[in-house]
Protein chains: 2
Amino acid sequence: MNNKNAVERIEYELTTFIRRAVYIDNSENKIGNLERASYLILRQLDEFGPARVKELAESFKLDISTLSRQAGALGGKGLIERSSDPSDGRVSLLTITELGREKLKADKKMRLARYQNMLETWTSDEKELFGELLERMNKAFFD
Amino acid sequence: MNNKNAVERIEYELTTFIRRAVYIDNSENKIGNLERASYLILRQLDEFGPARVKELAESFKLDISTLSRQAGALGGKGLIERSSDPSDGRVSLLTITELGREKLKADKKMRLARYQNMLETWTSDEKELFGELLERMNKAFFD
DNA sequence: ATATATGCTTGTATAATACAAATATATAAT
DNA sequence: ATTATATATTTGTATTATACAAGCATATAT
């Protein structure tokens with residue numbers, strides 16, 4: 001039953017974490033940062049290169065229409081560029097712009113700083129282990 | 001710099017996790033479960049006893065008006081009861097009902113099952129350690 | 001050449017949220 | 001005691017993220 005307790009604790013802590021993280025995201029938006037959705041999109045485009053709307057929607061498990069609007073907003077702010085795929089006129093390819101990269105970098109820096117601060121008393125080993133466990137958990141989440 | 005990499009990984013994995021967890025929460029609502037907000041409120045009332053609206057709002061970092069409406073909804077479904085505090089007529093005390101407890105239990109069971117399933121290949125030690133690290137992280141989040 | 005499928009956008013509805021105004025009650029100041 | 005101020009909650013209104021459905025443009029298959 002100790003096993004169950006451990007899982008219960010994990011569930012409890014993760015649920016709590018989500019609530020707080022969502023709060024922080026929302027309150028920080030108000031002082032001029034990227035919302036979580038924009039951050040995720042830019043991060044994805046930066047890391048894996050241009051992508052189409054549908055691809056991103058699937059990746060984030062959001063409706064295509066939602067992503068279409070988000071892409072519109074990011075385009076309006078000049079953070080991404082939308083070019084049409086020469087091999088398929090229906091597709092609009094999204095590419096991160098230089099400005100987008102800058103914003104992403106700044107945003108990431110702030111986010112990292114928060115985590116760094118939060119984990120400053122941890123040993124390197126603990127941080128590495130925690131990262132590994134999180135990664136494994138997320139991979140398991142895929143199924 | 002390995003330290004930075006570890007923190008980067010943690011940030012990356014947690015951000016990804018939030019996105020997926022929110023998705024799962026939303027899709028499960030559609031097959032008749034408690035939304036995350038209701039779940040958190042009931043969990044809190046179950047664990048720490050009756051609370052006032054303001055208290056819950058602060059605890060979840062939501063506006064009082066938001067919590068007032070959520071309390072209204074939970075009351076409407078019979079999951080909580082609202083009594084007025086005898087020592088202060090302004091205050092409305094929220095108490096989880098028997099039905100609320102049942103729903104909470106059922107919901108928790110489902111959530112735990114998902115985590116249990118997700119972590120089934122982990123050793124007990126890994127689960128315990130992960131739980132501890134999460135708890136420490138959340139505590140640091142408080143500041 | 002026409003019908004069907006696909007990718008995206010736009011219209012519309014819903015839900016969670018914040019902020020502001022209103023209401024009820026409590027506390028403080030004169 | 002009466003009046004002013006503070007506090008707890010509710011209700012009105014606006015905003016935002018989202019999904020679903022309809023529409024439009026382009027591709028593919030018959």
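Keep in mind it's a predicted model, so treat the numbers as computed, not measured. Residue numbering restarts at 1 for every chain, and letters A, B, ... go by the order of the sequence lines.
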**Student:** What's the verdict on side-chain hydrogen bond (donor to acceptor under 3.5 Å, both in side chains) for Gln70(A) and Thr66(A), showing C-alpha distance, side-chain angles and the deciding distance?
**Tutor:** CA-CA 6 Å; Gln70(A) 286 171 348; Thr66(A) 301; over 6 Å; no
**Student:** For Leu67(B), answer base if it contacts any base atom (sugar-phosphate contacts may also be present), sugar-phosphate if it contacts only those atoms, and nothing otherwise; contact means non-hydrogen atoms under 4.0 Å.
**Tutor:** nothing
**Student:** Any idea which of dT9(D), dT9(C), dT25(C) is nearest the Ser92(B) side chain?
**Tutor:**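 Closest nucleotide among those given: dT9(D).
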**Student:** Taking atom CZ of Arg19(A) and atom NZ of Lys61(B), what is their separation to the nearest 0.5 Å?
**Tutor:**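 So the gap between those two atoms works out to 10.0 Å.
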**Student:** On DNA chain D, nearest-nucleotide positions of Glu55(B) versus Tyr23(B): which is more 5'?
**Tutor:** Glu55(B)
**Student:** Please state how far atom CD in Glu35(B) lies from atom P in dA15(C), giving the value in whole angstrom units.
**Tutor:** 10 Å
**Student:** Using a strict cut-off of less than 4.0 Å between a Lys/Arg side-chain nitrogen and an Asp/Glu carboxylate oxygen, indicate whether Asp63(B) and Arg69(B) qualify as a salt bridge.
**Tutor:** no
**Student:** Just N and O in the side chain of Gln70(A): are any of them under 4.0 Å from OP1 or OP2 of dT18(D)?
**Tutor:** yes
**Student:** Return a table of donor-acceptor pairs under 3.5 angstrom between the side chains of residues 41-50 of chain B and protein atoms on other chains or two or more places apart.
**Tutor:**
| residue | atom | partner | partner atom | Å |
| --- | --- | --- | --- | --- |
| Arg43(B) | NH2 | Thr16(A) | OG1 | 3.1 |
| Gln44(B) | NE2 | Ser59(B) | OG | 3.3 |
| Asp46(B) | OD1 | Arg101(B) | NH1 | 2.5 |

**Student:** Whole angstrom is fine here: how far is it from CG in Asp85(A) over to C1' in dT28(D)?
**Tutor:**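 Going from CG in Asp85(A) over to C1' in dT28(D) covers 16 Å.
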**Student:** Extract from the structure each pairing of a protein N or O with an N or O of nucleotides 4-7 of chain D at less than 3.5 Å, listing the distance.
**Tutor:**
| residue | atom | partner | partner atom | Å |
| --- | --- | --- | --- | --- |
| dT7(D) | O4' | Arg90(B) | NH1 | 3.3 |
| dT7(D) | O2 | Arg90(B) | NH1 | 2.9 |

**Student:** What heavy-atom pair brings Asp25(B) and Arg114(B) nearest, and what distance separates the two atoms?
**Tutor:**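 Looks like OD1-NH2, 4.4 Å.
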**Student:** When you check the gap from the basic side-chain N to the acidic O, do Lys139(A) and Glu135(A) get nearer than 4.0 Å?
**Tutor:** yes
**Student:** Got a second to check how far Ile10(A)'s CD1 is from Glu128(B)'s CD, nearest 0.5 Å?
**Tutor:**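 Answer for the CD1-CD pair, Ile10(A) versus Glu128(B), is 9.0 Å.
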**Student:** Look at the side-chain N and O atoms of Arg36(A) and state whether any lies under 4.0 Å from the OP1 or OP2 oxygen of dT16(D).
**Tutor:** no
**Student:** Between the protein and nucleotides 11-14 of chain D, which nitrogen or oxygen pairs come in under 3.5 angstrom?
**Tutor:**
| residue | atom | partner | partner atom | Å |
| --- | --- | --- | --- | --- |
| dG12(D) | N7 | Arg69(B) | NH2 | 3.2 |
| dG12(D) | O6 | Arg69(B) | NH2 | 2.3 |
| dT13(D) | O4 | Arg69(B) | NH2 | 3.3 |

**Student:** Verify the distance criterion only: is there a donor paired with an acceptor across the side chains of Thr123(A) and Asp125(A) at less than 3.5 Å?
**Tutor:** no
